[in-house]
There are 2 protein chains.
Amino acid sequence: MKMLKIPEPTVVRLSLYSRFLNQASSKGIDIISSDEIGSAVGIPSAQVRKDLSYFGEFGIRGVGYRVRELCSQVDKLLCVNQVWPVVIIGAGHLGLAMSGYRGLQDRGFDVIALFDANPAKQGELPNGLPVLPMEKLAETVREKDIRIGIITVPSASAQPVAETLIEAGITAIINFAPTVLNVPSEVECRNIDLTVNLEVLSFNLGMRG
Amino acid sequence: MKMLKIPEPTVVRLSLYSRFLNQASSKGIDIISSDEIGSAVGIPSAQVRKDLSYFGEFGIRGVGYRVRELCSQVDKLLCVNQVWPVVIIGAGHLGLAMSGYRGLQDRGFDVIALFDANPAKQGELPNGLPVLPMEKLAETVREKDIRIGIITVPSASAQPVAETLIEAGITAIINFAPTVLNVPSEVECRNIDLTVNLEVLSFNLGMRG
DNA sequence: GACTGTGAAGCCATTCACAGCT
DNA sequence: AGCTGTGAATGGCTTCACAGTC
(Lines give C-alpha, C1' and ligand atoms only; values in the text may rest on other atoms or scores of the structure.)
Protein backbone atom coordinates (compact mmCIF):
# COMPACT_ATOMS: atom_id res chain seq x y z
CA MET A 1 0.00 0.00 0.00
CA LYS A 2 1.48 3.27 -1.17
CA MET A 3 -1.09 6.03 -0.42
CA LEU A 4 -1.16 9.39 -2.19
CA LYS A 5 -2.55 10.32 -5.56
CA ILE A 6 -5.75 8.38 -5.82
CA PRO A 7 -7.21 8.24 -9.35
CA GLU A 8 -10.45 10.16 -9.57
CA PRO A 9 -12.31 7.22 -11.14
CA THR A 10 -11.42 5.31 -8.01
CA VAL A 11 -13.04 7.94 -5.80
CA VAL A 12 -16.17 7.89 -7.92
CA ARG A 13 -16.38 4.11 -7.58
CA LEU A 14 -15.75 4.34 -3.87
CA SER A 15 -18.98 6.28 -3.62
CA LEU A 16 -20.80 3.52 -5.49
CA TYR A 17 -19.30 0.87 -3.23
CA SER A 18 -20.32 2.85 -0.19
CA ARG A 19 -23.91 3.09 -1.31
CA PHE A 20 -24.11 -0.61 -2.06
CA LEU A 21 -22.36 -1.60 1.16
CA ASN A 22 -24.74 0.48 3.21
CA GLN A 23 -27.65 -1.31 1.58
CA ALA A 24 -26.05 -4.71 2.10
CA SER A 25 -25.29 -3.84 5.68
CA SER A 26 -28.85 -2.87 6.44
CA LYS A 27 -30.02 -6.10 4.81
CA GLY A 28 -27.97 -7.86 7.45
CA ILE A 29 -25.38 -9.31 5.07
CA ASP A 30 -22.18 -10.06 6.98
CA ILE A 31 -19.62 -11.08 4.42
CA ILE A 32 -19.29 -10.05 0.80
CA SER A 33 -16.80 -10.70 -1.99
CA SER A 34 -15.23 -8.25 -4.42
CA ASP A 35 -17.11 -10.16 -7.06
CA GLU A 36 -20.47 -9.47 -5.48
CA ILE A 37 -19.65 -5.81 -4.96
CA GLY A 38 -18.44 -5.57 -8.52
CA SER A 39 -21.43 -7.09 -10.15
CA ALA A 40 -23.75 -4.94 -8.06
CA VAL A 41 -22.17 -1.74 -9.33
CA GLY A 42 -21.17 -2.99 -12.76
CA ILE A 43 -17.41 -3.13 -12.32
CA PRO A 44 -14.90 -6.00 -12.59
CA SER A 45 -13.91 -7.51 -9.26
CA ALA A 46 -10.20 -6.87 -9.85
CA GLN A 47 -11.01 -3.20 -10.07
CA VAL A 48 -12.87 -3.30 -6.79
CA ARG A 49 -9.91 -4.91 -5.06
CA LYS A 50 -7.41 -2.55 -6.63
CA ASP A 51 -9.47 0.46 -5.61
CA LEU A 52 -9.65 -0.68 -2.01
CA SER A 53 -5.98 -1.63 -1.98
CA TYR A 54 -5.02 2.02 -2.41
CA PHE A 55 -6.17 2.56 1.13
CA GLY A 56 -5.25 -0.59 2.98
CA GLU A 57 -6.12 -4.23 3.39
CA PHE A 58 -9.74 -4.48 4.32
CA GLY A 59 -10.54 -8.04 3.35
CA ILE A 60 -9.82 -11.55 4.49
CA ARG A 61 -8.11 -13.77 1.92
CA GLY A 62 -10.10 -16.79 1.02
CA VAL A 63 -13.18 -15.26 2.61
CA GLY A 64 -14.17 -11.77 1.51
CA TYR A 65 -14.95 -8.52 3.27
CA ARG A 66 -16.89 -8.00 6.48
CA VAL A 67 -19.66 -5.73 5.30
CA ARG A 68 -20.15 -3.53 8.36
CA GLU A 69 -16.45 -3.02 8.76
CA LEU A 70 -15.71 -2.29 5.11
CA CYS A 71 -18.71 -0.03 4.97
CA SER A 72 -17.54 2.13 7.82
CA GLN A 73 -13.99 2.22 6.46
CA VAL A 74 -15.13 3.35 3.05
CA ASP A 75 -17.44 5.94 4.55
CA LYS A 76 -14.55 7.24 6.58
CA LEU A 77 -12.39 7.50 3.47
CA LEU A 78 -15.08 9.45 1.70
CA CYS A 79 -15.58 11.59 4.79
CA VAL A 80 -19.26 10.82 4.75
CA ASN A 81 -19.16 9.68 8.36
CA GLN A 82 -19.69 13.30 9.25
CA VAL A 83 -22.24 15.96 8.39
CA TRP A 84 -21.35 18.42 5.66
CA PRO A 85 -23.43 21.59 5.68
CA VAL A 86 -24.20 22.88 2.19
CA VAL A 87 -25.84 25.89 0.62
CA ILE A 88 -27.84 25.98 -2.58
CA ILE A 89 -27.77 29.08 -4.75
CA GLY A 90 -30.85 29.51 -6.90
CA ALA A 91 -34.36 28.78 -5.70
CA GLY A 92 -35.77 27.83 -9.09
CA HIS A 93 -37.23 24.44 -9.93
CA LEU A 94 -33.88 22.74 -9.75
CA GLY A 95 -32.80 24.35 -6.50
CA LEU A 96 -36.09 23.39 -4.91
CA ALA A 97 -35.79 19.86 -6.22
CA MET A 98 -32.32 19.57 -4.67
CA SER A 99 -33.42 21.09 -1.39
CA GLY A 100 -36.15 18.49 -1.07
CA TYR A 101 -33.98 15.60 -2.12
CA ARG A 102 -33.94 13.03 0.63
CA GLY A 103 -30.79 11.37 -0.68
CA LEU A 104 -28.68 14.32 0.44
CA GLN A 105 -29.74 14.16 4.04
CA ASP A 106 -29.34 10.40 4.04
CA ARG A 107 -25.72 10.67 2.98
CA GLY A 108 -24.83 13.34 5.47
CA PHE A 109 -25.22 16.47 3.40
CA ASP A 110 -27.27 19.02 5.26
CA VAL A 111 -28.85 21.83 3.29
CA ILE A 112 -28.64 24.85 5.58
CA ALA A 113 -30.33 27.37 3.32
CA LEU A 114 -31.10 28.39 -0.22
CA PHE A 115 -30.18 31.79 -1.62
CA ASP A 116 -31.80 33.75 -4.40
CA ALA A 117 -31.34 37.25 -5.66
CA ASN A 118 -35.04 37.56 -6.46
CA PRO A 119 -36.95 38.91 -3.44
CA ALA A 120 -40.11 37.15 -4.64
CA LYS A 121 -38.40 33.81 -4.10
CA GLN A 122 -37.20 34.65 -0.61
CA GLY A 123 -38.98 33.42 2.49
CA GLU A 124 -39.55 29.98 3.88
CA LEU A 125 -40.15 26.79 1.92
CA PRO A 126 -42.88 24.29 2.82
CA ASN A 127 -40.18 22.00 4.17
CA GLY A 128 -39.01 24.72 6.53
CA LEU A 129 -35.82 25.72 4.72
CA PRO A 130 -35.16 29.44 4.44
CA VAL A 131 -34.60 31.13 1.09
CA LEU A 132 -32.34 34.06 1.84
CA PRO A 133 -31.08 37.05 -0.13
CA MET A 134 -27.57 36.79 -1.51
CA GLU A 135 -26.38 39.39 0.99
CA LYS A 136 -26.80 36.86 3.78
CA LEU A 137 -24.54 34.33 2.09
CA ALA A 138 -21.14 35.28 3.51
CA GLU A 139 -22.53 35.48 7.01
CA THR A 140 -24.19 32.07 6.79
CA VAL A 141 -21.12 30.40 5.30
CA ARG A 142 -18.92 31.81 8.02
CA GLU A 143 -21.24 31.04 10.92
CA LYS A 144 -21.92 27.46 9.89
CA ASP A 145 -18.44 26.82 8.51
CA ILE A 146 -19.80 25.75 5.15
CA ARG A 147 -17.42 24.50 2.47
CA ILE A 148 -19.77 23.17 -0.19
CA GLY A 149 -22.06 25.16 -2.47
CA ILE A 150 -24.49 23.95 -5.12
CA ILE A 151 -25.19 26.30 -8.01
CA THR A 152 -28.59 25.97 -9.67
CA VAL A 153 -28.90 29.44 -11.17
CA PRO A 154 -29.22 30.10 -14.90
CA SER A 155 -26.10 29.91 -16.99
CA ALA A 156 -25.66 33.66 -17.25
CA SER A 157 -25.45 34.17 -13.48
CA ALA A 158 -23.33 31.12 -12.72
CA GLN A 159 -19.91 32.75 -12.96
CA PRO A 160 -20.70 35.75 -10.76
CA VAL A 161 -22.46 33.47 -8.28
CA ALA A 162 -19.40 31.22 -8.16
CA GLU A 163 -17.26 34.23 -7.40
CA THR A 164 -19.58 35.30 -4.62
CA LEU A 165 -19.45 31.81 -3.16
CA ILE A 166 -15.66 31.72 -3.25
CA GLU A 167 -15.48 35.18 -1.77
CA ALA A 168 -17.70 33.93 1.05
CA GLY A 169 -15.32 31.08 1.78
CA ILE A 170 -16.74 28.15 -0.19
CA THR A 171 -14.04 25.81 -1.52
CA ALA A 172 -16.07 23.10 -3.26
CA ILE A 173 -18.76 23.67 -5.84
CA ILE A 174 -21.31 21.57 -7.67
CA ASN A 175 -22.37 23.50 -10.75
CA PHE A 176 -25.58 22.60 -12.56
CA ALA A 177 -25.40 25.53 -14.93
CA PRO A 178 -24.30 24.65 -18.45
CA THR A 179 -21.10 26.67 -18.29
CA VAL A 180 -17.48 26.01 -17.53
CA LEU A 181 -16.72 28.05 -14.42
CA ASN A 182 -13.49 29.89 -13.98
CA VAL A 183 -12.30 29.22 -10.46
CA PRO A 184 -8.95 29.42 -8.67
CA SER A 185 -7.14 26.11 -8.43
CA GLU A 186 -7.69 25.72 -4.70
CA VAL A 187 -11.43 25.61 -5.31
CA GLU A 188 -12.79 22.35 -6.62
CA CYS A 189 -15.65 22.56 -9.04
CA ARG A 190 -17.65 19.68 -10.47
CA ASN A 191 -20.07 20.27 -13.29
CA ILE A 192 -23.29 18.36 -13.64
CA ASP A 193 -24.35 19.11 -17.14
CA LEU A 194 -27.50 17.56 -18.51
CA THR A 195 -26.98 18.94 -21.98
CA VAL A 196 -23.51 17.46 -22.29
CA ASN A 197 -24.85 14.09 -21.20
CA LEU A 198 -27.68 14.23 -23.69
CA GLU A 199 -25.30 15.19 -26.45
CA VAL A 200 -23.08 12.23 -25.70
CA LEU A 201 -26.14 10.04 -26.13
CA SER A 202 -27.04 11.88 -29.29
CA PHE A 203 -23.54 11.34 -30.66
CA ASN A 204 -23.66 7.65 -29.90
CA LEU A 205 -27.13 7.26 -31.36
CA GLY A 206 -25.80 8.91 -34.50
CA MET A 207 -22.89 6.44 -34.67
CA ARG A 208 -25.25 3.50 -34.84
CA GLY A 209 -27.74 4.28 -37.53
CA MET B 1 -7.49 11.05 -40.06
CA LYS B 2 -8.36 7.52 -39.05
CA MET B 3 -12.03 7.55 -37.84
CA LEU B 4 -13.52 4.88 -35.61
CA LYS B 5 -13.36 4.49 -31.88
CA ILE B 6 -13.60 7.99 -30.51
CA PRO B 7 -12.59 8.34 -26.85
CA GLU B 8 -15.58 9.25 -24.70
CA PRO B 9 -13.77 12.21 -23.12
CA THR B 10 -13.45 13.58 -26.63
CA VAL B 11 -17.21 13.39 -27.16
CA VAL B 12 -17.82 15.18 -23.88
CA ARG B 13 -15.46 17.96 -24.89
CA LEU B 14 -17.05 18.16 -28.32
CA SER B 15 -20.23 19.16 -26.56
CA LEU B 16 -18.40 21.91 -24.70
CA TYR B 17 -16.82 23.14 -27.91
CA SER B 18 -20.19 23.15 -29.60
CA ARG B 19 -21.73 25.27 -26.88
CA PHE B 20 -18.90 27.76 -26.96
CA LEU B 21 -18.81 27.90 -30.74
CA ASN B 22 -22.51 28.60 -30.89
CA GLN B 23 -22.02 31.50 -28.52
CA ALA B 24 -19.04 32.79 -30.46
CA SER B 25 -20.95 32.46 -33.68
CA SER B 26 -23.89 34.47 -32.43
CA LYS B 27 -21.47 37.12 -31.20
CA GLY B 28 -20.41 37.45 -34.81
CA ILE B 29 -16.88 36.12 -34.35
CA ASP B 30 -15.56 34.81 -37.67
CA ILE B 31 -12.25 33.14 -36.91
CA ILE B 32 -11.08 31.44 -33.77
CA SER B 33 -7.95 29.55 -32.73
CA SER B 34 -7.69 26.26 -30.87
CA ASP B 35 -6.08 28.28 -28.13
CA GLU B 36 -9.11 30.53 -27.73
CA ILE B 37 -11.49 27.57 -27.76
CA GLY B 38 -9.31 25.78 -25.24
CA SER B 39 -9.06 28.57 -22.77
CA ALA B 40 -12.81 29.17 -22.97
CA VAL B 41 -13.58 25.61 -21.94
CA GLY B 42 -10.55 25.01 -19.77
CA ILE B 43 -8.67 22.58 -21.96
CA PRO B 44 -5.21 22.72 -23.58
CA SER B 45 -5.19 23.78 -27.20
CA ALA B 46 -3.39 20.63 -28.32
CA GLN B 47 -6.28 18.63 -26.93
CA VAL B 48 -8.77 20.71 -28.87
CA ARG B 49 -6.89 20.12 -32.09
CA LYS B 50 -6.46 16.43 -31.42
CA ASP B 51 -10.15 16.04 -30.65
CA LEU B 52 -11.16 17.71 -33.87
CA SER B 53 -8.56 15.78 -35.86
CA TYR B 54 -10.39 12.54 -35.14
CA PHE B 55 -13.09 13.74 -37.49
CA GLY B 56 -11.28 15.62 -40.19
CA GLU B 57 -9.40 18.81 -40.94
CA PHE B 58 -11.60 21.72 -40.08
CA GLY B 59 -9.07 24.50 -39.66
CA ILE B 60 -6.78 26.62 -41.75
CA ARG B 61 -3.10 26.36 -40.90
CA GLY B 62 -1.58 29.62 -39.87
CA VAL B 63 -5.04 31.09 -39.37
CA GLY B 64 -7.48 29.18 -37.18
CA TYR B 65 -11.03 27.90 -37.60
CA ARG B 66 -13.94 29.58 -39.28
CA VAL B 67 -16.45 29.73 -36.46
CA ARG B 68 -19.71 29.23 -38.34
CA GLU B 69 -18.29 26.38 -40.35
CA LEU B 70 -16.67 24.58 -37.43
CA CYS B 71 -19.79 25.08 -35.38
CA SER B 72 -22.02 23.43 -37.89
CA GLN B 73 -19.54 20.61 -38.42
CA VAL B 74 -19.32 19.88 -34.71
CA ASP B 75 -23.09 20.08 -34.31
CA LYS B 76 -23.43 17.61 -37.13
CA LEU B 77 -20.97 15.23 -35.47
CA LEU B 78 -22.93 15.41 -32.24
CA CYS B 79 -26.18 14.98 -34.18
CA VAL B 80 -27.57 18.09 -32.56
CA ASN B 81 -28.42 19.58 -35.92
CA GLN B 82 -31.67 17.66 -35.65
CA VAL B 83 -34.48 17.47 -33.11
CA TRP B 84 -34.45 14.58 -30.66
CA PRO B 85 -37.78 13.89 -29.02
CA VAL B 86 -37.41 12.78 -25.39
CA VAL B 87 -39.65 11.55 -22.61
CA ILE B 88 -39.26 12.19 -18.91
CA ILE B 89 -40.35 9.57 -16.43
CA GLY B 90 -41.25 10.96 -13.05
CA ALA B 91 -43.18 14.17 -12.55
CA GLY B 92 -41.67 15.06 -9.20
CA HIS B 93 -39.65 18.20 -8.52
CA LEU B 94 -36.77 17.05 -10.64
CA GLY B 95 -38.87 15.89 -13.57
CA LEU B 96 -40.71 19.19 -13.58
CA ALA B 97 -37.44 21.10 -13.36
CA MET B 98 -36.15 19.21 -16.40
CA SER B 99 -39.35 19.65 -18.34
CA GLY B 100 -39.13 23.40 -17.89
CA TYR B 101 -35.45 23.62 -18.65
CA ARG B 102 -34.93 25.95 -21.56
CA GLY B 103 -31.47 24.56 -22.28
CA LEU B 104 -32.95 21.34 -23.62
CA GLN B 105 -35.11 22.98 -26.23
CA ASP B 106 -32.27 25.27 -27.24
CA ARG B 107 -30.03 22.32 -28.00
CA GLY B 108 -32.63 20.42 -29.96
CA PHE B 109 -34.03 18.11 -27.33
CA ASP B 110 -37.80 18.22 -27.39
CA VAL B 111 -39.69 16.99 -24.35
CA ILE B 112 -42.79 15.29 -25.74
CA ALA B 113 -44.38 14.27 -22.45
CA LEU B 114 -43.81 13.33 -18.85
CA PHE B 115 -45.02 10.08 -17.36
CA ASP B 116 -45.92 9.29 -13.79
CA ALA B 117 -47.54 6.30 -12.16
CA ASN B 118 -49.31 8.52 -9.66
CA PRO B 119 -52.72 9.59 -11.04
CA ALA B 120 -52.60 12.73 -8.89
CA LYS B 121 -49.61 13.93 -10.89
CA GLN B 122 -51.22 13.26 -14.25
CA GLY B 123 -52.78 16.01 -16.30
CA GLU B 124 -51.35 19.06 -17.97
CA LEU B 125 -48.51 21.23 -16.71
CA PRO B 126 -48.66 25.04 -16.73
CA ASN B 127 -46.24 25.00 -19.65
CA GLY B 128 -48.65 22.83 -21.61
CA LEU B 129 -46.80 19.53 -21.40
CA PRO B 130 -48.92 16.47 -20.65
CA VAL B 131 -48.20 14.21 -17.70
CA LEU B 132 -49.42 10.79 -18.79
CA PRO B 133 -49.91 7.46 -17.05
CA MET B 134 -47.18 4.86 -17.61
CA GLU B 135 -49.54 2.81 -19.74
CA LYS B 136 -49.32 5.43 -22.47
CA LEU B 137 -45.54 5.20 -22.65
CA ALA B 138 -45.09 2.48 -25.27
CA GLU B 139 -47.65 4.08 -27.55
CA THR B 140 -46.03 7.52 -27.31
CA VAL B 141 -42.53 6.18 -27.86
CA ARG B 142 -43.64 4.29 -30.94
CA GLU B 143 -45.72 7.07 -32.45
CA LYS B 144 -43.09 9.75 -32.03
CA ASP B 145 -40.14 7.44 -32.66
CA ILE B 146 -38.50 8.41 -29.38
CA ARG B 147 -35.06 7.03 -28.52
CA ILE B 148 -34.12 8.98 -25.40
CA GLY B 149 -35.65 8.72 -21.94
CA ILE B 150 -34.83 10.69 -18.79
CA ILE B 151 -35.48 8.94 -15.49
CA THR B 152 -36.25 11.18 -12.54
CA VAL B 153 -38.13 8.72 -10.35
CA PRO B 154 -36.98 7.68 -6.87
CA SER B 155 -34.20 5.16 -6.63
CA ALA B 156 -36.45 2.23 -5.79
CA SER B 157 -38.48 2.56 -9.00
CA ALA B 158 -35.60 3.32 -11.31
CA GLN B 159 -34.79 -0.24 -12.38
CA PRO B 160 -38.38 -1.24 -13.24
CA VAL B 161 -38.91 2.07 -14.99
CA ALA B 162 -35.76 1.49 -17.03
CA GLU B 163 -37.09 -1.90 -18.05
CA THR B 164 -40.40 -0.40 -19.08
CA LEU B 165 -38.59 2.21 -21.14
CA ILE B 166 -36.47 -0.38 -22.89
CA GLU B 167 -39.50 -2.55 -23.49
CA ALA B 168 -41.14 0.46 -25.09
CA GLY B 169 -38.24 0.90 -27.47
CA ILE B 170 -36.00 3.46 -25.77
CA THR B 171 -32.30 2.89 -26.43
CA ALA B 172 -30.65 5.76 -24.58
CA ILE B 173 -31.25 6.70 -20.98
CA ILE B 174 -30.26 9.50 -18.66
CA ASN B 175 -30.71 8.28 -15.11
CA PHE B 176 -30.93 10.75 -12.25
CA ALA B 177 -31.74 8.09 -9.67
CA PRO B 178 -28.85 7.16 -7.39
CA THR B 179 -28.65 3.57 -8.62
CA VAL B 180 -26.63 1.66 -11.14
CA LEU B 181 -29.12 0.42 -13.70
CA ASN B 182 -28.91 -2.99 -15.20
CA VAL B 183 -29.48 -2.61 -18.92
CA PRO B 184 -28.69 -4.69 -21.98
CA SER B 185 -25.53 -3.66 -23.77
CA GLU B 186 -27.33 -2.21 -26.75
CA VAL B 187 -28.95 0.36 -24.49
CA GLU B 188 -26.76 3.26 -23.42
CA CYS B 189 -27.29 4.58 -19.97
CA ARG B 190 -25.65 7.63 -18.43
CA ASN B 191 -26.01 8.31 -14.75
CA ILE B 192 -26.22 11.79 -13.33
CA ASP B 193 -25.64 11.23 -9.69
CA LEU B 194 -25.56 14.20 -7.35
CA THR B 195 -24.59 12.13 -4.35
CA VAL B 196 -21.56 10.65 -6.06
CA ASN B 197 -20.43 14.10 -7.08
CA LEU B 198 -20.86 15.45 -3.58
CA GLU B 199 -18.94 12.54 -2.16
CA VAL B 200 -16.04 13.14 -4.49
CA LEU B 201 -15.95 16.70 -3.15
CA SER B 202 -16.19 15.39 0.37
CA PHE B 203 -13.31 13.00 -0.25
CA ASN B 204 -11.15 15.76 -1.63
CA LEU B 205 -12.02 18.13 1.19
CA GLY B 206 -10.97 15.39 3.59
CA MET B 207 -7.62 15.00 1.80
CA ARG B 208 -6.74 18.62 2.45
CA GLY B 209 -7.29 19.23 6.11
C1' DG C 1 -11.22 -24.38 -2.83
C1' DA C 2 -12.12 -19.70 -2.36
C1' DC C 3 -10.97 -15.13 -2.38
C1' DT C 4 -7.84 -11.11 -1.42
C1' DG C 5 -3.80 -8.12 -2.51
C1' DT C 6 -0.64 -6.62 -5.89
C1' DG C 7 3.31 -6.29 -9.13
C1' DA C 8 3.53 -6.45 -14.13
C1' DA C 9 1.51 -5.94 -18.55
C1' DG C 10 -1.57 -3.85 -21.52
C1' DC C 11 -4.33 -0.23 -23.06
C1' DC C 12 -5.96 4.23 -23.75
C1' DA C 13 -5.90 9.22 -23.38
C1' DT C 14 -3.10 13.33 -23.02
C1' DT C 15 0.83 16.02 -24.00
C1' DC C 16 4.72 17.11 -26.76
C1' DA C 17 7.00 18.89 -30.53
C1' DC C 18 7.45 19.76 -35.02
C1' DA C 19 6.40 19.46 -40.04
C1' DG C 20 3.19 21.70 -43.10
C1' DC C 21 0.34 25.62 -44.66
C1' DT C 22 -1.08 30.46 -45.19
C1' DA D 1 5.24 34.68 -38.07
C1' DG D 2 1.24 32.22 -36.72
C1' DC D 3 -1.56 28.35 -36.21
C1' DT D 4 -3.19 23.66 -37.53
C1' DG D 5 -2.62 18.56 -37.89
C1' DT D 6 -0.38 14.58 -36.16
C1' DG D 7 3.10 10.83 -35.12
C1' DA D 8 5.72 9.87 -31.12
C1' DA D 9 6.40 10.04 -26.28
C1' DT D 10 4.45 10.11 -21.94
C1' DG D 11 1.51 9.22 -18.19
C1' DG D 12 -2.19 6.96 -15.91
C1' DC D 13 -5.91 3.72 -15.32
C1' DT D 14 -7.39 -0.98 -15.98
C1' DT D 15 -6.76 -5.76 -16.53
C1' DC D 16 -4.20 -9.81 -15.83
C1' DA D 17 -2.46 -13.44 -13.34
C1' DC D 18 -0.72 -15.39 -9.51
C1' DA D 19 1.36 -15.61 -4.80
C1' DG D 20 -0.52 -15.35 -0.24
C1' DT D 21 -3.98 -16.49 3.21
C1' DC D 22 -7.93 -18.66 5.32
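Naming: A, B, ... by sequence-line order, numbering from 1 per chain. Every value quoted in this text rests on a predicted model; they were computed, and no experiment measured them.
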Between CZ of B:F58 and P of D:dT4 the distance, given in whole Å, is 14 Å
The complete set of salt bridge (charged side-chain N to carboxylate O under 4.0 Å, His left out) pairs with one or both residues in residues 29-43 of chain B, sequence neighbours excluded, reads none
Phosphate contact (D:dT14 OP1 or OP2) by A:R13 side-chain N/O below 4.0 Å: yes
_Side chain proximity check, B:D145 to B:P85, heavy atoms < 4.5 angstrom_ = no
Result for side chain to side chain contact (heavy atoms under 4.5 Å, CB included) between A:V200 and one of B:V12, B:I174, B:L14 points to B:V12
*Within 6.0 angstrom of B:R68 CZ, more than 12 heavy atoms from elsewhere*: no
Whole-Å distance, B:I37 CD1 to D:dC3 C1', equals 12 Å
Numerically ordered, the residues 41-49 of chain B set in heavy-atom contact under 4.0 Å with DNA chain D is B:R49
A:Y54 atom OH is separated from C:dG5 atom C1', nearest whole Å, by 13 Å
Discussion item. Any salt bridge linking A:R147 with A:E188? Criterion: basic side-chain nitrogen under 4.0 Å from a carboxylate oxygen.
Written reply: no
Rounded to whole Å, CZ of B:F55 lies from P of D:dG5 at a distance of 13 Å
B:D51 CG to C:dC12 P, in whole Å, measures 17 Å
Notebook entry, point to check: Should the pair A:R49-A:E57 be classified as a salt bridge under the 4.0 Å nitrogen-to-oxygen rule?
Noted result: no
Between CD of B:E36 and C1' of D:dC3 the distance, given in whole Å, is 11 Å
Could you go over nucleotides 19-22 of chain C and give all protein N or O partners under 3.5 Å, atom names and distances?
{"from": "C:dG20", "atom 1": "O4'", "to": "B:R61", "atom 2": "NH1", "distance (Å)": "3.3"}
{"from": "C:dT22", "atom 1": "O4'", "to": "B:R61", "atom 2": "O", "distance (Å)": "3.0"}

Distance col, row A:I192:CD1 vs A:F176:CZ, nearest 0.5 angstrom, shows 4.0 Å
| request: Determine: side-chain N/O of B:S34 to OP1/OP2 of D:dC3, distance under 4.0 Å, yes or no. | output: no
Any ion pair linking B:R19 and B:D106 (charged N to carboxylate O, less than 4.0 Å)? no
Against the side chain of B:K50, the closest entry in C:dG5, C:dA8, C:dT15 is C:dT15
A:I6 atom CD1 is separated from D:dT14 atom C1', nearest whole Å, by 15 Å
The reported gap from CG in B:L201 to CZ in A:F109 (rounded to nearest 0.5 angstrom) is 7.5 Å
Atom CG of B:D35 and atom P of C:dA17 are separated, to the nearest Å, by 17 Å
Side-chain atoms of A:P9 come closest, of D:dG5, D:dC3, D:dC13, to D:dC13
